[in-house]
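Chain identifiers are assigned alphabetically (A, B, ...) following the order of the sequence lines, protein sequences preceding nucleic acid strands; residue numbering begins at 1 within each chain.
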There are 2 protein chains.
Amino acid sequence: MKHKAARATINDVAKAAKTGKTSVSRYLNGEHHALSPDLKQRIEQAIAALDYRPNQMARGLKRGRTRLIGLIIADITNPYSVDVLCGIEAACRARGFTLLVCNTNNEIDQEQHYLQLLSSYQVEGIVVNAVGMREEALNRLQQSLLPMVLIDRKIPDFSCDVVGLNNVQAANDATEHLVKNGYRALLFLSEPLGLVNTRLERLQAFRQCCAGHTGVLCENAEAALSDAAAMDRIILDFYRRHADRPAALLVANGALTLQVARAMRRLDLDWGRKMGLLGFDELEWAELAGDGITTLKQPTWQIGYAALERVIQRIEGEATTIEEQTFHGELVVRGSTRPLA
Amino acid sequence: MKHKAARATINDVAKAAKTGKTSVSRYLNGEHHALSPDLKQRIEQAIAALDYRPNQMARGLKRGRTRLIGLIIADITNPYSVDVLCGIEAACRARGFTLLVCNTNNEIDQEQHYLQLLSSYQVEGIVVNAVGMREEALNRLQQSLLPMVLIDRKIPDFSCDVVGLNNVQAANDATEHLVKNGYRALLFLSEPLGLVNTRLERLQAFRQCCAGHTGVLCENAEAALSDAAAMDRIILDFYRRHADRPAALLVANGALTLQVARAMRRLDLDWGRKMGLLGFDELEWAELAGDGITTLKQPTWQIGYAALERVIQRIEGEATTIEEQTFHGELVVRGSTRPLA
DNA sequence: CTGTTAGCGCCTTCAG
DNA sequence: CTGAAGGCGCTAACAG
């Protein structure tokens, strides 16, 4: 049996209420002041009786506004992205929008595909959660004429609103913490820097902070998430070269922290005992790994919420200038950066 | 400046190609056999020049099929759910559907709301990922007349296709593993059983398996995710009462395993050393916590994929009988259930 | 206060 | 092979 469903239309309701569809439409749109109590009553009943619900497609077609917002996520597997999503969703709910979520799975072509898809569904705006996104993919976004807000990362040569972390403050706090607790050799570990502004900003703040302290050695290295061998090499090498002083790792994001922790496991370099470890992004399991891993927690939910509000501003035409909005991160101290003697 | 966008319509294309919109429509729908090469060429160019893309709203309105599928998730924060989502998404892509994701955040009212929303957007089918969903919420689903498939959990007194884990096999494998490795007092720990079939089935298989072994003590307990104090009490009590023999915990799902691990931390009951621990659902950090946590991994992606295929069958009218489709789980052995002397 | 009418962008007969 | 006309469900003038 095929599902025919044959849902009731505004016409059915009008007929059942013995009136025209205009009045029904008025009722639906809250123009109650223009309806007699009697008519209102009849319409109400008809709607209930037929279990009628307006067809949003038709509505959107007519009004030219769908109240749909698209979200493009590079990797929905990333807890950071999920938290952001929750914030966006809450904002959508509060503002009467519906969210269309698209996960590109970090496949470059998917993004283009989804962009077209979203626009063909007449979304009114788009949020791009660029965390984990490849650069090539990001660059293709520029074509879109829709109101758009980026999360976390900027696109070189493309002005667009961005909502993200205050990288300078965050990297500074993290570095200061390590120095304060006695670490004297620091390695900033990130995925390949490329032109990714978040990585660059964090690295620069890290260096600047180091420069302010004498006797602290600073280095940085790049490692791909999937290259376990390289990771082992980098970490072990760093550890050996600084056997004479307390060494610590500052890892640029949560996904990488997971891999780094695995590597340290393999190398038998217990965090907090043989080497310090501090990672950007909070991890739900942070307290369970060894004596805990110190993290720099981002206000992810707020970031998502703010991003959506910004898109809406653009949709409403209230946003005139391109803006970058940043939030403060918070250090969550655990065993992996315990103070040294 | 308001975004007007004023996207090109089929009319614009027709005009630009010096033809009627019928031909353009034909072109769009792949009826190439009915178009002269010359006309085809012109249309192609016009489309490219105007960057035209058909309005899916209008299309859906006309044809009565939107190629939209709704997904209702109770808690998108749950990694299990995210993996399932990925499977569903892949299937959507493969079959030409678009996914509308709704996260109810485990708020009971949200579900009703989203159900209405989805149906007003004329989705052709719905997948409900019931993992973590409250019972009250599930029961309200029954009203929907749309093709619907449940994931993980059945609804009492409501026949509906279900895709999930083979709970009996899984619970059996897990229990056998614990017994084989020398544990002689087992506690099956779940959230309140209620009428949740997954919990009940797992528990029953656990008991049955225990019954097949002499000298193995079996118990079960229920604990809410958020009640840390109760959790501590239950675990500590169990541990003390069986100080004389190797004891182990079998935890019914991943979210609970996280809380249990925290509790064991608090109580200083190292898993794998003082007490065994085995949890349903794979965890990305499982190997990093202590000497690792043994898990029973579900083929989540496949479950999602299969669920979507089933919805499509229903949409196409190919599904006649109500069916339950189950997948096998796989034991991933780690340090928390190490063999005892 | 209420109903009639004309499309929104597209697909689908039905005639050329 | 091609185009004109009608209508999907709804809203927004415009008349009563």
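- Between the P atom of dC10(C) and the NZ atom of Lys15(B) lies a distance of 12 Å, rounded to the nearest Å.
- In the interface, the side chain of Lys62(B) is not paired with the base of dG9(C) through any donor and acceptor atom under 3.5 Å apart.
- Using a 4.5 Å cut-off on side-chain heavy atoms (C-beta onward), Ile312(A) and Glu309(A) make no contact.
- Between the CG atom of Asn55(A) and the P atom of dC8(C) there is a distance of 18 Å, given to the nearest Å.
- dC1(C) atom P lies 10 Å from atom NZ of Lys40(A), rounded to whole Å.
- In this structure, NZ of Lys18(A) is placed 12 Å from P of dG3(C), rounded to the nearest angstrom.
- Each of Arg65(B), Arg63(B), Arg67(B) was compared with Glu124(B) under the salt bridge (Lys or Arg N to Asp or Glu O under 4.0 Å) criterion, and only Arg67(B) meets it.
- Nucleotide dT12(C) holds its P atom 11 Å from the CD1 atom of Ile10(B), rounded to whole Å.
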Take Ser119(A) and Arg53(B) through the test side-chain hydrogen bond (donor to acceptor under 3.5 Å, both in side chains) and record every step on the way to the result. CA-CA 8 Å; Ser119(A) 105; Arg53(B) 252 152 307 135; 2.7 Å; yes
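- Counting heavy atoms from C-beta on, the side chains of Tyr114(B) and Ile126(B) never come closer than 4.5 Å.
- Heavy atoms of Thr22(B) sit under 4.0 angstrom from at least one base atom.
- Using a 4.0 Å cut-off, some side-chain N or O of Ser36(A) falls inside it from OP1 or OP2 of dT2(C).
- For dG9(C), the base has no donor-acceptor partner in the side chain of Lys21(B) [N/O atoms by modelled type, under 3.5 angstrom].
- When the P atom of dT12(C) is taken as reference, atom CD of Glu31(B) falls 8 Å away, rounded to whole Å.
- Between dG3(D) and Ser23(B), a contact under 4.0 Å exists linking OP1 or OP2 to a side-chain N or O.
- Distance Asn11(A) CG to dT11(D) P: 12 Å, rounded to the nearest Å.
- For the pair Tyr27(A) OH and dC1(C) C1', the interatomic distance rounds to 17 Å; values are reported in whole Å.
- Classification of Arg95(A) and Glu316(A) as a salt-bridged pair fails, no side-chain N sitting under 4.0 Å from a carboxylate O.
- Residue Arg59(B) places at least one side-chain N or O under 4.0 Å from the OP1 or OP2 atom of dC11(C).
- Minimum atom distance to the side chain of Arg26(B) is reached by dG3(D), of the listed dG9(D), dG9(C), dG3(D).
- Close to dT11(D), at under 4.0 Å from its OP1 or OP2, lies a side-chain N or O of Asn29(A).
- When each of Leu61(B) and Arg42(B) is assigned the nucleotide of DNA chain D with its nearest heavy atom, Arg42(B) is the one assigned upstream, toward the 5' end.
- Using a distance-only test at 3.5 Å, with no hydrogens or angles considered, a donor-acceptor pair links the side chain of Arg42(A) to the main chain of Lys18(A).
- Residue Tyr52(B) is in sugar-phosphate contact alone, with no base atom involved, counting any heavy-atom pair closer than 4.0 Å across all strands shown.
- Not a single donor-acceptor contact under 3.5 angstrom links the side-chain atoms of Arg7(A) to the base of dG9(D).
- The base of dT12(C) has none of its N or O atoms less than 3.5 Å from a complementary donor or acceptor on the side chain of Ser25(B).
- The side chain of Pro54(B) lies closest to dC10(C) when the candidates are dC10(D), dG3(C), dC10(C).
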